Structures are given as C-alpha cells and as structure tokens.
Trainee: 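Structure in structure tokens, see below.
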Amino acid sequence: MARTTPHDHPLTEAQPLYWRIATQLLGELSDGTIPPGERLPGERHLARQYGVSRETVRQALEVLRHDGLVATDRRGSHATLPGLPVENPAALTFPVGARAADPGAVDRTTVTWETPPPGHAEALGLAPHRRTLVHRYESAGADGRGHRTAVTSFSAVALAEVQELARYRDRADGSTSAQLRRAYDWMRKAGLTLHHRDSITPLAGAPSVRVTRCVHDQYARPLEITELVVDARQDALVYEFTLPAAV
C-alpha cells in the first residue's frame with residue numbers, strides 16, 4: 001500500500017498532532033515562506049511556535065524528510081522542495097540593493113513584531129504605538145568593509161493582503177534568521193503593483209549613503225518603508241522602480 005503524505009489530505013482535527021504540524025510546515029515550504037535550501041528554524045523554536053513538544057516537531061520533520069521535502073545534515077534541516085518561479089530574481093531581491101557584494105560577506109536577518117520607528121509609522125499610516133512586522137538586515141565583508149544595514153517596516157495593508165508576510169507574525173521574535181527574499185514576489189502574486197520611490201542622502205562624516213525607500217501599490221496605499229545604509233565606496237545601487245502585479 002502506498003504511503004500517504006501531507007500532500008494527500010487536508011488538515012483535520014482527526015489527524016495526529018505531528019501530522020498537522022507537518023502539513024503546516026509543508027504550506028510554508030510550498031509557497032516559499034521557507035525558500036528552497038533555507039535552513040528551517042531549530043526544533044526548540046518550532047516547538048514554541050506551534051505550541052507542541054520537541055518530540056512532536058521531530059515526528060513532523062521525519063514525515064517531511066521521508067517524502068524528500070526537507071533534508072538534514074550537520075547544519076540542521078533545510079527545505080528541498082522546488083521553489084515557485086520568479087520572473088526576475090534580481091528585481092525581486094528584498095530589500096532591493098541589500099544583497100552582499102562580497103561573496104565572503106556575512107549576512108544576518110531577523111523579524112520582530114514591534115512598534116516601528118516613528119518615521120516609518122507615519123509613512124505607513126499606522127497609529128502611534130501600533131505594532132507591525134519589522135525586518136532587519138545586516139551584512140559585512142570578511143574584512144569589515146562593505147558594511148550595510150536595512151530596517152523595513154510593513155503596513156497593515158501588506159500584512160492583510162499578503163498571507164506569506166502575515167505568517168511571519170508568529171515567528172517574529174527576533175531570535176531566528178528570517179529570509180524574506182521573495183517578499184516582493186509575494187506582493188505581486190497577491191495582485192499588487194509595486195511603485196518604488198527612493199531618496200538617496202549622503203551621510204555627513206561617513207563614506208556611506210542612506211537610501212529611504214517607500215513602496216506603494218496601484219491604489220497609492222503604503223506597503224513598506226525601508227531605510228538602507230550602504231558603504232558608498234564599494235556599492236553600486238541599481239533599483240527597479242515599478243513591478244507589475246503577477247497575472
């Protein structure tokens with residue numbers, strides 16, 4: 001008899017708890033919330049995220065591992081499910097311009113659920129002290145050069161209309177690496193046209209520039225705002241300013 005997998009049946013309360021966790025993880029693997037090759041959060045983090053024991057998480061990962069959807073090596077478990085197609089990966093990198101130019105650079109990305117910086121809240125139309133998803137990015141070369149940082153805050157509109165972003169609220173504790181490389185792709189899949197407006201300002205007394213990016217949709221609703229600081233001595237910044245909605 002053929003072995004059933006989380007692909008075969010919808011999520012129901014009658015299924016074992018580990019099976020339900022495997023099904024939820026499969027959803028994140030399938031839609032790119034966890035990109036192919038990306039490390040999954042550790043067992044302890046997943047147990048806390050889903051409110052289950054680490055043993056239940058292990059059983060869920062074993063189901064996905066048996067079906068070739070995740071693989072485990074000395075670095076931990078990572079996704080192996082083929083990703084969704086991206087029409088223009090260079091244009092869809094998030095945040096645009098925040099890719100490491102140095103192949104030896106060390107990147108760190110996290111997400112938190114917190115009150116955004118005051119300027120971000122105003123740009124996004126958020127009420128004072130209202131929390132939202134905040135993404136932080138940092139990269140530096142092995143020699144310490146090429147340092148870049150970025151802080152992005154998402155609007156209530158983005159979180160309401162882009163389900164892949166909304167899912168990050170449950171894991172936005174700032175302790176686990178978060179990859180939103182497909183964020184702009186997810187927005188386009190949700191039917192949103194992305195209009196970028198970038199302001200570039202030299203920083204006094206430093207060989208760096210600040211790029212402030214505001215992204216709106218076709219209805220002029222704010223989606224996100226990013227403040228990206230890069231080393232102007234090494235970086236060439238290239239941007240796409242409008243990305244049509246996916247059809």
Side-chain angles (χ1 to χ4, degrees), residues 32 35 86-101 105 107-126 130-140 146-162 164-166 168 172 178-204 206-246:
V86 178
E87 295 175 8
N88 187 348
L92 296 175
T93 301
F94 174 83
V96 175
R99 288 182 298 168
D107 292 353
R108 184 174 185 269
T109 56
T110 59
V111 287
T112 54
W113 186 258
E114 62 177 79
T115 301
H120 286 205
E122 181 179 0
L124 297 175
L126 295 175
R130 179 172 178 177
R131 295 190 295 173
T132 191
L133 192 70
V134 177
H135 176 275
R136 287 182 172 82
Y137 163 94
E138 184 172 8
S139 175
H147 188 251
R148 16 169 109 179
T149 62
V151 178
T152 299
S153 303
F154 292 95
S155 71
V157 171
L159 297 177
E161 299 212 5
V162 184
E164 294 89 348
L165 284 176
Y168 269 87
Q179 299 295 340
L180 300 190
R181 288 192 297 260
R182 298 178 64 89
Y184 294 140
D185 190 28
W186 296 336
M187 291 180 186
R188 294 173 63 246
K189 283 180 8 187
L192 303 176
T193 295
L194 310 184
H195 299 283
H196 292 223
R197 184 180 186 278
D198 290 26
S199 301
I200 303 176
T201 307
L203 295 182
S208 301
V209 296
R210 173 181 287 111
V211 182
T212 301
R213 175 175 309 111
C214 296
V215 179
H216 292 76
D217 67 7
Q218 61 268 44
Y219 308 109
R221 299 178 300 180
L223 299 175
E224 59 108 330
I225 179 171
T226 294
E227 288 188 287
L228 170 68
V229 177
V230 299
D231 186 341
R233 295 170 300 181
Q234 296 188 351
D235 288 314
L237 305 178
V238 179
Y239 302 108
E240 294 288 335
F241 291 90
T242 299
L243 295 172

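What you see below is based on every heavy atom in this structure, not just the backbone, and it leaves out hydrogens, waters and symmetry mates. Bear in mind the structure is a predicted one, so any value in this text is a computation, not a measurement.
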Trainee: Looking at every non-hydrogen atom in both residues, tell me the closest pair between Ala123 and Pro222 and how far apart they are.
Mentor: O-CB, 3.6 Å
Trainee: So does Arg210 have more than 12 non-hydrogen atoms from other groups sitting under 6.0 Å from CZ?
Mentor: no
Trainee: Is there side-chain contact between Leu223 and Glu161, with heavy atoms separated by less than 4.5 Å?
Mentor: no
Trainee: How close do Ala150 and Thr226 get, counting heavy atoms only, and between which atoms?
Mentor: CB-CG2, 4.2 Å
Trainee: How far does CD of Glu138 sit from OG1 of Thr110, to the nearest 0.5 angstrom?
Mentor: 9.5 Å
Trainee: I'd like to know if the side chain of Ser208 reaches the main chain of Val229, judged simply by a donor and an acceptor atom lying under 3.5 Å from each other, with no hydrogens or angles considered.
Mentor: no
Trainee: Atom CD of residue position Glu122 - does it have more than 12 heavy atoms of other residues, nucleotides or ligands inside 6.0 Å?
Mentor: no
Trainee: Can a donor-acceptor pair be found, under 3.5 Å and without considering hydrogens, that links the side chain of Gln218 to the backbone of Gly191?
Mentor: yes
Trainee: List the steps, then state whether side-chain contact (heavy atoms from CB on, under 4.5 Å) holds for Tyr137 with Thr149.
Mentor: CA-CA 5 Å; Tyr137 163 94; Thr149 62; 5.8 Å; no
Trainee: Test side-chain contact (heavy atoms from CB on, under 4.5 Å) on Val162 and Leu192 and set out the steps.
Mentor: CA-CA 9 Å; Val162 184; Leu192 303 176; 4.2 Å; yes
Trainee: Mind checking whether Glu227 and His120 have side chains closer than 4.5 Å, heavy atoms only?
Mentor: yes
Trainee: If I take atom OG1 from residue Thr212 and atom CD1 from residue Ile200, how far apart are they, to the nearest 0.5 angstrom?
Mentor: 9.5 Å
Trainee: Output the distance between atom CG (Leu124) and atom NE2 (His216), rounded to the nearest 0.5 Å.
Mentor: 8.0 Å
Trainee: Measuring from Met187:CE to Thr193:OG1, what's the distance to the nearest 0.5 Å?
Mentor: 12.5 Å
Trainee: For the side chain of Thr132 and the backbone of Phe154, is there at least one donor-acceptor N/O pair under 3.5 Å apart?
Mentor: yes
Trainee: As an exercise, state the distance from CG of Asp217 to CD of Glu224, rounded to the nearest 0.5 Å.
Mentor: 12.0 Å
Trainee: Working to the nearest 0.5 Å, report the span between OG of Ser153 and NE2 of His135.
Mentor: 11.5 Å
